[in-house]
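To start, the structure itself, in structure tokens.
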Amino acid sequence: MPELPEVEITRQSFAQAIQGAKILRVNLGKALRWPLGCEPSALIGMQVLGVRRRAKYLLVDLSGGLLLVHLGMSGSLRFSSAMPAMGLHEHFEMQTTQGTLRLKDPRRFGAVVYARSPLDTAAQKLLGHLGPEPLESDFTVAYFKNTLSGKTAAIKTVLLDARVVVGVGNIYANEALFLAKINPKAAAGKLSAERVQRLLQAIQQVLKRALAVGGSTLKDFSNAQGKEGYFQLEMMVYDREGEPCRVCGSLVRTLRQGQRSTFYCPQCQKR
DNA sequence: AGGGTGACCTGTCGGC
DNA sequence: TGCCGACAGGTCACCC
């Protein structure tokens, strides 16, 4: 579920409320993708200094380190002062003086990992290889063009590579390519400078729009206050196989690339 | 080195 | 109705 917009919306929905809280207790459910990396009790007494985001990770800064929280495919966070006992698919919970933060993740591809600092090996293993943030100033046309040059892989596949640019997942990769009118099978390294620029702008446009409407709720995404997003109502191609293109009326097609579904308009995205 | 595949895990949906 | 395979918002380890 969670790509950059959903992760950022989640962050915004509880960062203020949890800032300054002291950790009272940490409870674990079934194992997530990676182990926590410390005794849960070791976190007790630490203070939450703030919540940042890097790529699709939430970084919960603590007085004694940080937690890297990833939502995987099916994860969502909830922050509330009134919480029932941990239920099915709830695998991490942190009780604080200002409320309880809880991760629900049916598929358990998500993770909560403790690191002493953003630079230690536990954090660097997850963050060290990441490329630029798509909405920050270092994601430039020059960088993008240079990084794509020489790549023979399909541009759709390359957009999902976090070493190239972070935060773009399957929904927004499809949507950005549609907006830029680029065929998902086009070789990344053969895109003209003009098309690379168009694609960069399309990535930023689609992510900003999704952020503005609270992200995409396909099945069950909601922010830490339980509020859903509405970007799914505006999707041009994702999950619209066989439906008419909203621009030209051609029927949206699918194909498989890197074991993921690609959706595109055969007319608007001829090349 | 870049590119492609399998693996992780659970739920849901469509087809027979 | 029931079973079975395919697929789902991610990303890492591994192969050539």
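None of the values given here were measured: they were computed from a predicted structure. Labels below follow one simple rule: chain letters A, B, ... track the order of the sequence lines, proteins then strands, and each chain is numbered from 1.
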### Message
Within the 4.0 Å limit for protein heavy atoms, which parts of nucleotides 10-16 of chain B are touched? Write it as a string from 5' to 3', B for base, S for sugar-phosphate only, - for none.
### Response
BSS----
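Counting only N and O atoms by type, the side chains of A:Thr97 and A:Lys22 include no donor and acceptor under 3.5 Å apart. Of the N and O atoms on the side chains of A:Ser222 and A:Arg78, at least one donor lies less than 3.5 Å from an acceptor on the other residue.
A sub-4.0 Å separation between OP1 or OP2 of C:dC12 and a side-chain N or O of A:His129 is present. Using a 4.0 Å cut-off, no side-chain N or O of A:His70 falls inside it from OP1 or OP2 of C:dG10. An OP1 or OP2 oxygen of C:dG9 is reached within less than 4.0 angstrom by a side-chain nitrogen or oxygen of A:Arg260. Side-chain nitrogen and oxygen atoms of A:Gln259 include none within less than 4.0 Å of the OP1 or OP2 phosphate oxygen of B:dG4. Here A:Ser261 reaches the OP1 or OP2 of C:dA8: one of its side-chain N or O atoms lies under 4.0 Å away.
In this structure, A:Gln257 atom CD and B:dG3 atom C1' are separated by 13 Å, rounded to whole Å. Put simply, CG on A:Leu71 is 11 Å from P on C:dG10, counting in whole angstrom units. If you measure from atom CE of A:Met73 to atom C1' of C:dA6, you get 13 Å, rounded to the nearest angstrom. Rounded to an integer number of Å, the gap from A:His91 NE2 to B:dC8 P is 17 Å. The interatomic distance linking A:Lys156 (NZ) with C:dG10 (C1') rounds to 13 Å, in whole Å. Between A:Arg163 atom CZ and C:dA13 atom P the separation is 12 Å, expressed in whole Å. Rounded to an integer number of Å, the gap from CG of A:Leu159 to P of C:dG10 is 12 Å. In this structure, A:Leu130 places its CG atom 9 Å from P of C:dT11, rounding to the nearest Å.
Salt bridge status for A:Arg54 with A:Glu133: present, with a side-chain N to carboxylate O gap under 4.0 Å. Salt-bridge formation is not detected for the pair A:Arg25/A:Glu93: no Lys NZ or Arg NE/NH1/NH2 atom is positioned less than 4.0 Å from an Asp or Glu carboxylate oxygen.
Within the 4.5 Å cutoff, side-chain heavy atoms of A:Leu71 are placed close to those of A:Leu103. Inter-residue side-chain proximity for A:Tyr57 and A:Val113 is flagged as unmet; no heavy-atom pair is nearer than 4.5 Å.
Residue A:Arg256 is classed as a sugar-phosphate contact, given heavy-atom separations below 4.0 Å to backbone atoms only. At a threshold of 4.0 angstrom between heavy atoms, the contacts of A:Tyr238 are confined to the sugar-phosphate backbone, with no base atom among them. Nucleic acid contact class of A:Thr152 (heavy atoms, under 4.0 Å, all strands): sugar-phosphate only.
Across the P atoms, B:dG3 and C:dG9 are found 22 Å apart, a figure rounded to whole Å. Spacing of P atoms, C:dC7 relative to B:dT5, comes out at 14 Å, to the nearest Å.
Distance from the side chain of A:Pro2 is smallest to C:dG9 among B:dG6, C:dT11, C:dG9. Listed candidates were C:dG10, B:dG3, C:dC12. Nearest to the side chain of A:Trp34 is C:dC12.
In this entry C:dG9 has no Watson-Crick or G-U wobble partner, no candidate having both defining distances under 3.5 Å.
Qualifying side-chain contact (heavy atoms from CB on, under 4.5 Å) partners for A:Gln204, counting only residues two or more places apart in sequence or in other chains: A:Leu135, A:Phe139, A:Leu200.
In terms of position on DNA chain B, the residue among A:Phe109 and A:Ala153 whose nearest nucleotide sits closer to the 5' end is A:Ala153.
In this structure, A:Tyr172 has its ring center closer than 6.0 angstrom to the ring center of A:Phe231.
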